[in-house]
Amino acid sequence: MDKNETYQLLLAQVKAMVKDESDPVANMANVAALIQEAFHFWWTGFYRVVNGELLLGAFQGPVACYHIAHGRGVCGTAWAERRTQVVTDVEQFPGHIACSSESKSEIVVPIYNKEHEVVAVLDIDSEKLGTFDATDQEGLEAVCQLLTETIYQ
Ligand code: SME
């Protein structure tokens with residue numbers, strides 16, 4: 001299976017998984033698990049907007065920092081700019097927050113509610129440089145869109 005086909009399968013799995021459950025944390029926990037089963041990234045998880053900052057949510061991987069301010073790091077930048085951040089080399093990203101020295105590249109996708117506010121981000125770290133490309137962006141944005149349609153409507 002190539003990467004594109006893996007994302008098609010992942011999307012079908014996410015769709016089936018989230019359709020009968022409305023709790024955001026429960027769904028994010030299983031979505032993180034599905035992404036990890038598909039790709040075995042270094043770290044896959046969610047930060048939710050809580051009290052005006054990003055707070056660590058459901059994830060798979062090593063322990064991570066709890067709080068990220070608006071506009072800080074890759075996650076806070078995705079929130080502030082309201083667009084996906086694809087980072088080929090985290091050392092080249094000004095203000096990158098290093099939760100782990102193993103992390104070399106990263107993608108962060110914003111998740112919106114029905115009022116088009118950012119309510120969370122999906123953050124994925126890789127221990128290799130340049131892991132994420134347009135296929136990952138498209139696939140993961142589709143996963144996050146499904147979360148918008150199911151748990152944030
Ligand atoms: N690197 C992220 C912080 C979160 S960890 O990668 C899990 C950032 O710069 O926002």
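In this chain, residues are counted from 1 in sequence order. Remember, it's 1-based here, ligands and their atoms both numbered in the order they're listed.
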- Query: Going by atom types only, do Ser103 and Glu127 share a side-chain donor-acceptor pair under 3.5 Å?
  - Reply: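 No, no side-chain donor-acceptor pair sits under 3.5 Å.
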- Would you please name every residue forming a salt bridge (charged side-chain N to carboxylate O under 4.0 Å, His left out) with Glu91, sequence neighbours left out?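 None.
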- Message: Quick check on the hydrophobic clustering: are Val119 and Leu55 connected, directly or via other members, by side-chain heavy-atom contacts under 4.5 Å?
- Response: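 Result: no, two separate clusters.
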- Report yes or no: do Phe59 and Val31 belong to one cluster of Ile/Leu/Val/Met/Phe/Trp/Tyr joined by side chain heavy-atom distances under 4.5 Å?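 Phe59 does not cluster with Val31.
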Suppose I only count heavy atoms of [X] and a 4.0 Å limit; which atoms of ligand 1 are within that range?
X: Gly73; result: 9 (O), 10 (O)
X: Trp43; result: 7 (C)
X: Cys75; result: 8 (C), 10 (O)
X: His96; result: 1 (N), 9 (O)

- Option with minimal heavy-atom separation from atom 7 (C) of ligand 1, where the choices are Ile124, Ile68, Asp123: Asp123
- Note on the structure: Separation between CH2 (Trp43) and CG (Asp125), nearest 0.5 Å, reads 7.0 Å
Counting only nitrogen or oxygen atoms and a 3.5 angstrom limit, does [X] reach ligand 1?
X: Glu106; result: yes
X: Gly76; result: no
X: Tyr47; result: no
X: Cys65; result: no

- For atom 1 (N) of ligand 1, which protein heavy atom lies nearest, and how many Å away is it?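 Here the closest protein heavy atom is Ile97 O, 2.8 Å.
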- Decide, yes or no, whether a salt bridge links Lys3 with Asp133 under the criterion of side-chain N to carboxylate O below 4.0 Å.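 Looking at Asp133 together with Lys3, the answer is yes, because their closest N to O distance falls below 4.0 Å.
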Under 4.0 Å, heavy-atom basis, I'd like to know which part of [X] is in contact with ligand 1: side chain, backbone, both or neither.
X: Phe59; result: neither
X: Cys99; result: side chain
X: Asp125; result: side chain

- Please name the pair of heavy atoms, one in Cys75 and one in Glu106, separated by the smallest distance, quoted to 0.1 Å. SG-OE2, 4.3 Å
- With Asn27 via side-chain hydrogen bond (donor to acceptor under 3.5 Å, both in side chains) - residues at least two apart: none
